[in-house]
> 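Mind looking over this structure? Questions follow.
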Amino acid sequence: TEPVHSAQMFESRTSVGMTNIPAPQIAFRTSGYTLPGDGGGALYKRVSTQPTHSGKVQSLDGAWFEIAENFPVPRQFGAVEDGVTYDTVAVQSAIDYVYAKGGGDVQLTGRYHSGNIDVKAGVKLSGSFRAPTFNRGAGVFDLATQAPVIFLDADASLTVRGNAAAEGFTLVRYGLVIGDAPTTFLGTAIKIRGNDAYVGDMMIAGFDKAIEGISPLDGERCARHHFQ
């Protein structure tokens with residue numbers, strides 16, 4: 001097997017799993033998650049033991065590597081971002097990775113169809129919000145190209161824990177066409193659980209309740225929330 005150089009680019013995580021990576025090699029990049037250019041490329045670094053989070057890959061010779069990105073995105077965990085395919089696992093895996101690393105940002109850039117999402121303490125789930133275009137003639141907002149946006153199932157919610165944040169994206173019930181006066185509302189969009197949670201700079205539509213404070217878990221307080 002030819003030695004792998006630190007600047008070498010693998011096509012995908014699959015390519016890494018088919019390659020022996022000698023001990024002197026400490027890092028590499030992939031150009032995609034499943035396929036080259038699919039937006040899931042990332043920098044990986046060698047670690048001594050198998051990580052507990054999902055941002056990891058194992059080489060053919062058994063070495064473990066984990067994502068080493070300051071601002072990970074769900075595509076680096078397998079998200080498709082077409083607004084139809086379930087991306088729940090990918091979005092949650094990105095959150096869990098940041099939580100395991102001590103906190104930070106998960107950047108949303110695409111269109112995610114999802115079930116329940118749990119934004120854990122110390123994690124900020126964020127995007128660059130832009131309001132959707134309203135078509136006056138049709139009487140609906142145009143969500144066809146809206147991003148970042150999470151399309152939540154009616155029985156699902158985005159839970160924001162204490163000292164966590166969610167901001168800068170659109171949150172819509174999956175299947176909803178937004179008009180001047182939508183008539184069907186289901187479920188709760190955001191559930192606050194814990195102290196000092198922050199929610200801001202968002203558009204929420206299609207739910208019975210936009211934001212709801214719920215009973216915290218043992219050891220969590222539910223005293224101060226920040227909405228904007």
Side-chain angles (χ1 to χ4, degrees), residues 12-13 30 32-35 38-44 51-57 66-130 143 145-176 187-194 197-207 210-211:
S12 65
R13 290 162 50 90
T30 58
Y33 183 88
T34 303
L35 297 171
D38 63 10
L43 173 67
Y44 288 81
T52 57
H53 54 75
S54 299
K56 60 189 175 185
V57 64
E66 70 174 3
I67 288 179
E69 298 284 349
N70 291 329
F71 302 103
V73 297
R75 277 191 180 271
Q76 294 168 334
F77 297 81
V80 178
E81 297 187 357
D82 61 2
V84 178
T85 305
Y86 264 112
D87 281 333
T88 311
V89 172
V91 174
Q92 190 63 55
S93 292
I95 292 170
D96 293 347
Y97 163 78
V98 170
Y99 177 75
K101 304 304 288 183
D105 290 7
V106 173
Q107 298 288 314
L108 298 180
T109 59
R111 297 161 56 79
Y112 310 92
H113 177 197
S114 184
N116 289 310
I117 298 173
D118 189 350
V119 186
K120 298 180 177 179
V123 178
K124 181 168 74 172
L125 187 66
S126 64
S128 297
F129 176 75
R130 63 179 180 86
L143 295 178
T145 59
Q146 178 72 5
V149 57
I150 297 177
F151 297 98
L152 275 181
D153 285 341
D155 60 351
S157 296
L158 179 76
T159 296
V160 182
R161 303 282 176 179
N163 298 307
E167 64 177 0
F169 56 93
T170 300
L171 191 61
V172 180
R173 179 170 57 80
Y174 183 71
L176 178 72
T188 300
I190 297 176
K191 296 180 178 179
I192 303 295
R193 170 175 267 173
Y198 176 84
V199 175
D201 196 18
M202 298 174 66
M203 173 179 171
I204 302 173
F207 301 89
I211 302 173

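Sequential numbering from 1 along the given sequence is applied to the chain's residues.
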> I'd like to know if the side chain of Asp153 pairs up with that of His113 as donor and acceptor (distance under 3.5 Å, no hydrogens or angles considered).
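Per modelled atom types, Asp153 and His113 side chains form a pair under 3.5 Å.
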
> Could you tell me which non-hydrogen atom of Asp118 sits nearest to which non-hydrogen atom of Gln92, and how far apart they are?
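Scanning both residues completely, I find the closest heavy atoms to be N-OE1, 2.8 Å.
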
> Without swapping roles, check the side chain of Asp82 against the backbone of Val84 for a donor-acceptor pair under 3.5 Å.
yes

> State, without any angle test, whether Tyr44 and Glu66 hold a side-chain donor-acceptor pair at a distance under 3.5 Å.
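No, Glu66 and Tyr44 have no side-chain donor paired with an acceptor closer than 3.5 Å.
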
> Mind listing the closest non-hydrogen atom pair of Ile95 and Ile117 along with its distance?
CD1-CG2, 3.5 Å

> Answer yes or no: is there a side-chain heavy-atom contact under 4.5 Å between Ile67 and Gln76?
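Counting from C-beta outward, Ile67 and Gln76 do come under 4.5 Å.
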
> For the pair Phe129 and Phe169, evaluate ring pair (Phe, Tyr, Trp, His ring centres under 6.0 Å) and give the outcome as yes or no after the intermediate values.
CA-CA 5 Å; Phe129 176 75; Phe169 56 93; 8.9 Å; no

> Taking the side chain from Arg75 and the backbone from Asp38, do they hold a donor-acceptor pair closer than 3.5 Å?
yes

> What verdict does the side-chain contact (heavy atoms from CB on, under 4.5 Å) test give for Glu81 and Tyr112, after you've listed the backbone C-alpha separation in whole Å, the side-chain angles of each residue and the deciding distance to 0.1 Å?
CA-CA 5 Å; Glu81 297 187 357; Tyr112 310 92; 2.9 Å; yes

> Output yes when a side-chain donor or acceptor of Tyr198 lies under 3.5 Å from a complementary backbone atom of Glu167, and no otherwise.
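Flag not set: sc Tyr198 to bb Glu167 has no pair under 3.5 Å.
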
> Measure across Gly110 and Ala147 and return the closest heavy-atom pair with its distance rounded to 0.1 Å.
O-CB, 3.9 Å

> Taking all atoms of both residues into account, what is the closest heavy-atom pair of Lys191 and Ser157, and its distance?
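Closest heavy-atom pair between Lys191 and Ser157: CE-OG, 3.4 Å.
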
> Between Thr170 and Gln146, does any side-chain donor sit less than 3.5 Å from a side-chain acceptor?
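Yes, because at least one side-chain N or O of Thr170 sits under 3.5 Å from a partner of the opposite role on Gln146.
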
> Spell out, as yes or no, whether a donor-acceptor pair under 3.5 Å connects the side chain of Tyr33 to the backbone of Thr30.
no

> Would you indicate whether Tyr99, at its atom OH, is surrounded by more than 12 heavy atoms from other residues, nucleotides or ligands within a distance under 6.0 Å?
no

> Check Asp96 with Lys120, please: is the shortest side-chain N to carboxylate O separation under 4.0 Å?
yes

> Please check this pair: side chain of Thr88 against backbone of Gly115, looking for a donor-acceptor N/O pair closer than 3.5 Å.
yes

> Would you mind reporting whether Tyr86 and Ser114 have side-chain heavy atoms less than 4.5 Å apart?
no

